[in-house]
Structure formats: structure tokens, C-alpha cells
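Here the structure is laid out as C-alpha cells; the discussion comes afterwards.
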Amino acid sequence: MDMATIAALAPVVPVLTIERVGDAVPLARALVRGGIPALEVTLRTEAALEAIARIAAEVPEAVVGAGTVRSPQQLEAARGAGARFAVSPGCTATLLQAARETGTAFLPGVQTVSEAMALADWGYRLLKLFPADAAGGMRWLQAVRGPLPELQFCPTGGVGADTAPAFLLLANVACVGGSWLAPRDAVAAGDWERIERLAAQAATLKRP
Ligand code: 3PG
């Protein structure tokens, strides 16, 4: 599956920071039940790679990927664990080269027009705008629509249930990313029903 196909699966890609391996499968199942199949597990915890591996093995309806990928080594480790896509907060030449060589579905992060232009030169048409809110949010996206008409974005960082609907109405937004579908307290309490409800709300958000 290429990145555009993965981004089209649902309006929201949840950004999951998993502290306990045992939370991975029930969390993924709750999100999938709510209608959110593409899941980004950030490589920010010791549990992350094992969490990806368990979701890949035990939740076949999910499309699990790795987030916060910053090096080719992390990309390789994520692929080895079963990640089907990778997301980065930025875009370095070494990472882009590794994604190309391994054929990984990759969502690189940008914050400037120059970065977006460089990635367009690499052939990318779908980019993560990160940190979306701090970078200018909806006004940034509206402003680049004219000069960068072929590019689509997944704004992430500071996007929540309150702002996601407006982001998704923008013509150059393919989907949004965010951590609000898996609140820390709900995961800690194993409140999978709450997470399923949050996912179900997110799954109904409209895209143009
Ligand atoms: C992150 O950096 O954790 C992601 O971009 C998610 O950001 P958020 O917590 O603001 O949704």
C-alpha cells in the first residue's frame, strides 16, 4: 500500500505513544472497531517496536506504521517489526534515500515551502505538516495551495477534535494526525470503550 492509499483509509491517523507493550493490541483493536485502521506508533518508547510487532501480528485489520522515524536505522528496525509505513517529523536526505531504497511508504514532515518543494522534487505528493499548529496551521495550508497545487498534506501537531473538522475541509488536506484519539489516561486505565468512541467520532469526519 502506498502512502496516499494509507492516508485515504480514514480522516485521522492516530499518533500513539505506547508505554506498555500489553496496551498495543487492545488499543489497536479499539481504534479499528471505531473505524480508524491506519495507526502510527511513535518510536519514542522502549515498547514501541514490540508494540508494532504485536499489532502487525495480532490485528490484521490494522495498518500499523512507525512514527518519529529519524534515521535509516530506525526505519529498518520499524520495517523489521512489521511497520507498513513510516512517518518522520522532518526530512533528511539519508532518510529519504533509505525510504526510496527500501520501498517504504513514507510520510516525511515539512514546515516550510522550501522543504515542500524539495520533497516534491523527490517525487512526494503527500507530506506531513509538522508541527501544524505552530507552523501556521490552516492559514499556512491555505496560503500554499496556490503555489504548490499538486501537494497534499497531513497536518499533525496541535490538531485536536475541535480543529480537525476545519482542517479536513481544506482542499489540500488528505487526512490529519493527532494523539487525541488515545488519551494517556484512557490508555493507562484500559478504557478501550472510550477510545473506540473517540475513533468512531473521528471516522465520521468529512473530507472534501
Ligand atoms: C506528536 O508529536 O506527538 C504528534 O505530532 C501529535 O501531536 P499532538 O499530541 O499535538 O496531536
Side-chain angles (χ1 to χ4, degrees), residues 3 6-7 9-20 23-24 27-28 30-31 34 36-49 51-52 55 62-71 74-75 78 83 85-92 95 105-112 115-116 119 124 126-141 152-170 172-189 191 194-203 205 207:
M3 203 59 233
I6 292 166
L9 291 174
V12 181
V13 177
V15 177
L16 309 174
T17 298
I18 298 176
E19 304 283 353
R20 297 181 303 202
D23 290 335
L27 173 58
L31 291 163
I36 300 289
L39 314 177
E40 174 188 337
V41 177
T42 64
L43 300 186
R44 294 187 212 165
T45 64
E46 285 191 10
L49 286 173
I52 289 170
I55 295 169
V63 177
V64 65
T68 324
V69 175
R70 294 179 48 191
S71 69
Q74 286 180 313
L75 185 73
F85 65 97
V87 185
S88 178
C91 47
T92 64
L95 203 45
F106 184 45
L107 183 63
V110 299
Q111 201 189 7
T112 68
E115 290 166 348
L119 286 167
Y124 285 89
L126 175 63
L127 310 173
K128 166 174 163 168
L129 173 63
F130 178 81
D133 188 42
M138 282 179 254
R139 292 184 60 211
W140 190 97
L141 290 157
Q152 291 279 303
F153 295 89
C154 172
T156 306
V159 180
D162 51 342
T163 53
F167 272 105
L168 286 163
L169 289 178
L170 299 179
N172 55 352
V173 169
C175 60
V176 302
S179 60
W180 84 91
L181 296 192
R184 197 174 282 266
D185 60 334
V187 175
D191 190 350
R194 180 176 161 207
I195 289 169
E196 181 180 340
R197 282 197 301 276
L198 289 167
Q201 287 163 6
L205 292 174
R207 290 181 278 192

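Just follow the structure's listing: the first ligand is 1, and inside any ligand the first atom is 1.
Ser88 places no side-chain N or O within donor-acceptor distance of the main-chain N or O of Cys91, the cut-off being under 3.5 Å. Checking side-chain atoms of Arg20 against main-chain N and O of Ala188 turns up a donor-acceptor pair under 3.5 Å. Thr42 contributes no side-chain N or O that, together with a main-chain N or O of Gly67, makes up a donor-acceptor pair within less than 3.5 Å.
Counting protein heavy atoms only, atom 2 (O) of ligand 1 is closest to Arg44 NH2, 3.0 Å. Here the protein heavy atom with the shortest distance to atom 7 (O) of ligand 1 is Gly157 CA, 3.6 Å. For atom 10 (O) of ligand 1, the closest heavy atom belonging to the protein is Gly158 N, 2.7 Å.
Interface atoms of ligand 1 facing Phe130, defined by a heavy-atom separation under 4.0 Å, are 2 (O), 5 (O). Listed by atom number, the atoms of ligand 1 under 4.0 Å from Gly178 heavy atoms are 11 (O). If you number the atoms of ligand 1 from 1 as listed, the ones under 4.0 Å from a heavy atom of Thr156 come out as 4 (C), 5 (O).
Between Pro14 and Ile36, the closest side-chain pair of non-hydrogen atoms falls below 4.5 Å.
At least one N or O atom of Ser179, backbone or side chain, sits closer than 3.5 Å to an N or O atom of ligand 1.
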Side chain to side chain contact (heavy atoms under 4.5 Å, CB included) between Phe167 and Met138, intermediate numbers included: CA-CA 6 Å; Phe167 272 105; Met138 282 179 254; 3.6 Å; yes
Side chain to side chain contact (heavy atoms under 4.5 Å, CB included) between Thr163 and Asp133, intermediate numbers included: CA-CA 10 Å; Thr163 53; Asp133 188 42; over 6 Å; no
Let me check something: any side-chain donor-acceptor pairs from residues 178-186 under 3.5 Å, sequence neighbours excluded? List them with distances.
residue	atom	partner	partner atom	Å
Asp185	OD1	Arg194	NH1	3.3
Asp185	OD2	Arg194	NH1	3.3

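Ligand 1 is never approached by Trp180 to a heavy-atom distance shorter than 4.0 Å.
By the criterion of a heavy-atom distance under 4.0 Å, neither the backbone nor the side chain of Glu40 is placed next to ligand 1.
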